[in-house]
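Single-structure report; data block below.
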Protein chains: 2
Amino acid sequence: MIFGNRIKELREDAKLLQRQVAARLELDTPLLSKIERGERRARHEHVAALAKIFNVDEKELITLWLADQVLELVKDQVEAENALSIASKELKNSKK
Amino acid sequence: MIFGNRIKELREDAKLLQRQVAARLELDTPLLSKIERGERRARHEHVAALAKIFNVDEKELITLWLADQVLELVKDQVEAENALSIASKELKNSKK
DNA sequence: TTTAGACTTGTCAATATTTGTCGAACTTAA
DNA sequence: TTAAGTTCGACAAATATTGACAAGTCTAAA
């Protein structure tokens, strides 16, 4: 739950309440709570909005958010590590 | 489309038709065709069944199948490589 | 050429999953 | 205790995925 931890940290550093951040994302507090704890997934637009709110590079958050989804996908799969390694190679390959 | 290519290759090596393999998976030919071309995703059970049909290690296929899903998830995301790298680190970390 | 077989395409309904909301239940600090 | 912040559980609505079908293309043999 890298992404959730990070945005919770950013929120606390900014001394904002879930209620306040949730309002700016136009979703309710319980949902933001779930996102912070990784129980629910943020949407791409929310990630962008969060970067604005906390004034951080959107790329940083997107990266964590993506990484979380990858982890969610491969977790409790025996071949997780191999799969990631293959995906990584393939990605570099196809970039040409 | 690593997984699809692989099962197509296995199928051709085994000199089987889509129709025949599809029958053993209990799904129709067009769907298998799509799976081979990566237009549709195979289910976990199908991967297991395919390993049996072609007499290969299930892990090999699962790995490719997972890698495909990871690629699908991160493709056309700018931070794809970073995200994979972070996910990979995190995975190794959490394994303890 | 036609025909037959293998494969592909597009579309649809059924199902499953995800999303956001609500009321209520915690938790913590005064 | 209260009050504010957060979390929980259940639900309906919105989305996505699944598998099937009919119709299409392509190739090779007749």
Using 4.0 Å as the upper bound for N to carboxylate O, is an ion pair formed by B/R6 and B/E60? yes
If you walk 5' to 3' along DNA chain D, what is the first nucleotide with an atom under 4.0 Å of a heavy atom in chain A, and what is the last? D/dG5 to D/dA10
At under 4.0 Å between heavy atoms, what does B/L17 touch on the DNA or RNA strands: base, sugar-phosphate, or nothing? sugar-phosphate
Please list, by residue number, the residues of residues 36-43 of chain A whose heavy atoms come closer than 4.0 Å to an atom of DNA chain C; answer none if no residue qualifies. A/R40, A/R41, A/R43
Flag side-chain contact, heavy atom, 4.5 Å: B/L27 against B/H46: yes
Would B/W65 and B/H44 count as a ring pair (Phe, Tyr, Trp, His ring centres under 6.0 Å) if you check the C-alpha gap in whole Å, the side-chain angles of each, and the deciding distance to 0.1 Å? CA-CA 9 Å; B/W65 171 76; B/H44 194 282; 5.4 Å; yes
In terms of side-chain geometry, is the basic nitrogen of A/K15 or A/E12 positioned less than 4.0 Å from the acidic oxygen of its partner? no
Can you tell me how far C1' of C/dT19 sits from NE2 of A/H44, to the nearest Å? 17 Å
Closer to the 5' end of DNA chain C via nearest nucleotide, is it A/K34 or B/P30? B/P30
Heavy-atom distance under 4.5 Å between the side chains of B/F3 and B/V47, does that happen here? yes
B/Q20 side chain N/O closer than 4.0 Å to the phosphate oxygens (OP1, OP2) of C/dA6? no
Quickly work out the A/L25 CG to C/dT19 P distance and round it to whole Å. 14 Å
So, do A/L64 and A/N5 sit near enough that their side-chain heavy atoms are less than 4.5 Å apart? no
Are the side chains of A/I2 and A/L71 in contact, using a 4.5 Å heavy-atom criterion? yes
Distance check needed: C/dA6 C1' versus B/Q18 CD, whole Å only. 7 Å
Distance, rounded to the nearest Å, where B/L16 contributes CG and C/dA6 contributes C1': 14 Å
Return the value, rounded to whole Å, for the distance between atom CD1 of B/I35 and atom P of C/dC7. 14 Å
Min side-chain heavy-atom separation B/V21-B/Q18 under 4.5 Å: no
Salt-bridge criterion met for B/R11 and B/E36 (N-O under 4.0 Å): yes
Specify the separation, in whole Å, of atom CG of B/L32 and atom P of C/dT9. 14 Å
